[in-house]
Every structure is written in structure tokens, then in C-alpha cells.
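As a basis for the values below, the full set of heavy atoms in this structure was taken, side chains included, without hydrogen atoms, waters or symmetry mates.
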Amino acid sequence: MKGGCLMTGRPRRRSVLCVPGGDEYKIRKALTAGADQVVIDLEDAVPPADKDRARALLGAIAWSEIADELPAITVRVNAPRTPWCHSDINAVVRLGVPASSIVLPKVESVGDLEFADRLLDGVEAGAGHAQRIAVEALIETADGLSRIEQIASATSRLSTLITGYADLAASLGRTAGLEPALWIAVQDRVIAAARTNRLDVVDGPHLGVGVDDAFGAAVGHAARIGFDAKWAIHPRQIETINLAFEPSSEQVRYARAVVDALAAAHEGGRGAVELDGQMIDEAIAVAARRTLLKSGVSL
């Protein structure tokens, strides 16, 4: 079953800020930091002895008092096969968290997504939850990467694929902190699986909290090769990410001209048209529509 397509049904996303799930102060700060999406992390950021308290905190936060308009919210639950995954998913639905999705870490098979899908079906039905919560799959093991094509088409709840470099480096036996170009084979495979199934594809975080040349290179690389957004692990990184993933005014102008020119050509019974010395056809228009959607312009 094919996944859904963020580009036509959900808000645009450039920056994704990850915040520890056990720290209410940091959660509140993250929600007003300017990121398009905030990931509340119940997995790596919360030690085993604190899992229950962090989960309960989700129900204690007065979400409506934080800001007039919140960014998109997702919760990174603990991985399937851990003692906490089912409790985390149950809490997201039943505790009134305004989350549109969960991030499922260490996805290694179709079965992992089917487990989350069935559990969400039951919990949503039991809670009378009207909104269907999406699932974002975090690919961070060799097993998950080797099955990426099957994972990407596993369930209609799946909205996004995310690369997770720290765990994936360990799983593959690579040195942590490799420059972006050395990940290109992995990145291309994940991006291709996402595009084939009309999913969003998000680049995992740069392993550092600074905004230095290495961070800028990683962000620029991710934007150029086709990722839709990138994770940040500190609020100071958001502005750089947003700028990199925001189309320029000239890119938006050209994309609008492409879409309009091809629409006029189709009305005239032609499949292609010349624009600024270049032949424009449907393949060029696909990229143009994506640029417009990334910029928030209606088609």
C-alpha cells in the first residue's frame, strides 16, 4: 500500500527541532523557537529510569497556553520491541498531545510499521480520536536500510522517511561525523524510496550543536540533493536550515512561470513549450510544482 504525500496535504516543513521529552522548560522553548516541526523525544533523550515520568509529562503540559499558534508536533516514541513503545503510543493518543504524527525509531522491517499501524488503529478507536496520526520512519540501522523499498510502501499511515546518522554509522561500522558526501549512496537510496512512494524525506541531524562551516555544508548538501527538511538539535540551527530549504524569490518566480506556461500549452493541445530558451515539459513542471509548494505558494 502506497504512503501519502505531504506536499499536497500537510504544512510545509523545512526545519525539525528535536527536544528532550522529559524537560518541560525545553519543550516550551522549542515550540516557540521558529522551527516548522518539533520532535518531543521519549527515546534517546530520556534514560530508562525516567521513561514513565517523561511520558506522563505529555499529559500535564497546558499546550494551548504556550503560544497562539504551535508548530507541527510529533513525538519520537521508543522503538518496537522495547518495553516502552506501546505505552508511548498509547500516551500520545490518550493524553491530549496535539501531535499529528509519531516518529518510530529503528524501523527495520514492514512488521515494525504494521505493529504501529495496528496499535494506533486500536488506541484511536478506543479514545474516539478523530485525527489519524501519521507515522514517520527513522532509518538508522543496516537492516532498515537494506529493506528501505519495502518499508517505504508498508502502510498508508507512513508519511516520512528520516535518516539517522549516528546509529546508522554504528550499525554500518562507519566513523561518526563523516562529511555529507560520503553518505551519498545511503541518501540517494532513501530519497528514491521516498519519492517512489510519494513520501516526505527528511535529513537527520548534524552531529554538533554549533552553526559552523561543517554544519552549513551539511545543511546545504541536504537541500541540494533533494531532502525536504532537516533535523536540528539546537534552536540556534533553525535559521540556517530554514534559509537553505526556502526557495529564493527568483526560484519561485521561475517555477510559477513554468507551471503557467505548461498549463497554457496543454490548453492549446501541446505537451511542451519553450520558456527562456529552454523546452519545458511535464518533467520540468514536477520540480517547479515542488518549489512552489515548498515556498507555500498555492498551485
Might you work through the side chain to side chain contact (heavy atoms under 4.5 Å, CB included) test for Asn90 and Ser87, ending with a clear yes or no? CA-CA 5 Å; Asn90 185 69; Ser87 297; 5.6 Å; no
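- Residues Val92 and Val123 are members of one and the same hydrophobic cluster, defined by side-chain heavy-atom contacts under 4.5 angstrom among Ile, Leu, Val, Met, Phe, Trp and Tyr.
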Could you walk me through whether Asn242 and Glu246 satisfy the side chain to side chain contact (heavy atoms under 4.5 Å, CB included) test, starting with their C-alpha distance in whole Å, then the side-chain angles of each, then the deciding distance to 0.1 Å, before giving a yes or no? CA-CA 6 Å; Asn242 282 346; Glu246 179 75 28; 5.8 Å; no
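- Side chains of Glu136 and Ile102 form no contact here, defined as non-hydrogen atoms less than 4.5 Å apart.
- Here the CG atom belonging to Leu119 is positioned 7.0 Å from the SG atom belonging to Cys85, to the nearest 0.5 angstrom.
- The main-chain N or O of Gly210 is found under 3.5 Å from a side-chain atom of Gln237 such that the two form a donor-acceptor pair.
- For Ala192, there are no side chain to side chain contact (heavy atoms under 4.5 Å, CB included) partners, not counting sequence neighbours.
- By the salt bridge (charged side-chain N to carboxylate O under 4.0 Å, His left out) test, Arg53 pairs with Asp50, sequence neighbours left out.
- Between Arg174 and Glu179 there is no salt bridge, since none of the side-chain N atoms of the basic residue sits less than 4.0 Å from a carboxylate O of the acidic one.
- Residue pairs that meet the ring pair (Phe, Tyr, Trp, His ring centres under 6.0 Å) test with at least one member in residues 148-202, sequence neighbours left out, are Tyr165-Trp183.
- Looking at Arg195, Arg198, Arg13 one by one, the single match for salt bridge (charged side-chain N to carboxylate O under 4.0 Å, His left out) with Asp228 turns out to be Arg195.
- His221 and Gln187 share a side-chain donor-acceptor pair at under 3.5 Å.
- Not counting sequence neighbours, the partners of Glu250 by the side chain to side chain contact (heavy atoms under 4.5 Å, CB included) test are Ser248, Arg253.
- Every salt bridge (charged side-chain N to carboxylate O under 4.0 Å, His left out) that Arg132 has, sequence neighbours left out, goes to Asp117.
- For Pro105 against Asn78, the heavy-atom pair with the smallest separation is CG-C, 3.8 Å.
- Other residues, nucleotides and ligands contribute over 12 non-hydrogen atoms within 6.0 Å of the CG atom of Asp212.
- Nearest heavy atoms, Ala193 versus Ile148: CB-CG1, 3.7 Å.
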Using side chain to side chain contact (heavy atoms under 4.5 Å, CB included), reason through Val46 and Asp41 one step at a time and then give a plain yes or no. CA-CA 7 Å; Val46 179; Asp41 184 13; over 6 Å; no
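- Counting all heavy atoms, side chain and backbone alike, Ala35 lies closest to Pro71 at O-CB, 3.3 Å.
- The pair Glu239-Arg14 does not count as a salt bridge, with every side-chain nitrogen at least 4.0 angstrom from each carboxylate oxygen.
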Validation: residues 259-280 side-chain donor-acceptor distances under 3.5 Å, sequence neighbours left out:
{"unit_1": "Asp260", "atom_1": "OD1", "unit_2": "Arg256", "atom_2": "NE", "d": "3.4"}
{"unit_1": "Asp260", "atom_1": "OD1", "unit_2": "Arg256", "atom_2": "NH2", "d": "3.3"}
{"unit_1": "Gln278", "atom_1": "OE1", "unit_2": "Tyr254", "atom_2": "OH", "d": "2.8"}

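- Residues forming a salt bridge (charged side-chain N to carboxylate O under 4.0 Å, His left out) with Arg147 (at least two apart in sequence, or on another chain): none.
- Using a 4.5 Å cut-off between side-chain heavy atoms of Ile, Leu, Val, Met, Phe, Trp and Tyr, Val16 falls into a hydrophobic cluster with Val39, Val103, Leu138, Ile162, Val202, Trp231.
- Contact record, Ile139 with Leu145: CG2-N, 3.8 Å, taken as the closest heavy-atom pair.
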Ser101 vs Thr74, test: side-chain hydrogen bond (donor to acceptor under 3.5 Å, both in side chains). Steps then yes/no. CA-CA 5 Å; Ser101 64; Thr74 187; 2.8 Å; yes
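- Each side chain to side chain donor-acceptor pair (under 3.5 Å) pair with one or both residues in residues 61-71, not counting sequence neighbours, would appear here, but there are none.
- No continuous path of hydrophobic side-chain contacts links Tyr25 to Leu42 [ILVMFWY only; heavy atoms under 4.5 Å].
- Between the CG atom in Leu161 and the CD1 atom in Ile151 there is a gap of 8.0 Å [rounded to 0.5 Å].
- Residues satisfying the salt bridge (charged side-chain N to carboxylate O under 4.0 Å, His left out) criterion with Lys51, sequence neighbours excluded, are absent altogether.
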Side chain to side chain contact (heavy atoms under 4.5 Å, CB included) assessment of Val19 paired with Asp23: CA-CA 8 Å; Val19 60; Asp23 190 323; over 6 Å; no
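- In this structure, Pro80 and Phe115 approach most closely via the heavy-atom pair CB-CD2, 4.4 Å.
- Side-chain contact between Thr163 and Val201: absent, with no pair of heavy atoms (C-beta onward) separated by less than 4.5 Å.
- Contact record, Gly164 with Glu140: O-CB, 3.5 Å, taken as the closest heavy-atom pair.
- Using a distance-only test at 3.5 Å, with no hydrogens or angles considered, no donor-acceptor pair links the side chain of Thr141 to the main chain of Lys106.
- In this structure, the separation between CD on Gln131 and OG on Ser100 is 6.0 Å, given to the nearest 0.5 Å.
- If you chain together ILVMFWY residues whose side-chain heavy atoms come under 4.5 Å of each other, Val110 ends up in a group of its own.
- A donor-acceptor contact shorter than 3.5 Å links the side chain of Arg189 to the backbone of Ser146.
- In the hydrophobic clustering of ILVMFWY residues, with side-chain heavy atoms under 4.5 Å counting as a link, Ile184 and Val186 come out together.
- The OG1 atom of Thr160 sits 7.0 Å away from the CG atom of Leu199 when rounded to the nearest 0.5 Å.
- Linking ILVMFWY residues whenever their side-chain heavy atoms come closer than 4.5 Å, directly or via other members, places Ile66 and Ile40 in the same cluster.
- Val77 and Trp84 fall into different hydrophobic clusters, where Ile, Leu, Val, Met, Phe, Trp and Tyr side chains are chained together by heavy-atom contacts under 4.5 Å.
- Taking the ring-ring contact (aromatic ring centres under 6.0 Å, His included) definition, one finds that Phe215 meets it with His206, sequence neighbours left out.
- Counting heavy atoms from C-beta on, the side chains of Leu243 and Thr240 never come closer than 4.5 Å.
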Given the rule in the salt bridge (charged side-chain N to carboxylate O under 4.0 Å, His left out) test, do Arg157 and Asp121 qualify, once you have shown the distances and angles that lead to the verdict? CA-CA 10 Å; Arg157 274 192 195 269; Asp121 279 345; 2.8 Å; yes
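- In this structure, Asn197 CG and Gln150 CD are separated by 10.5 Å, a value rounded to the nearest 0.5 Å.
- Taking CD1 from Ile233 and CG from Leu17, the interatomic distance works out to 9.5 Å, rounded to the nearest 0.5 Å.
- With hydrogens and angles ignored, the 3.5 Å screen pairs a side-chain donor or acceptor of Thr82 with a backbone N or O of Ala79.
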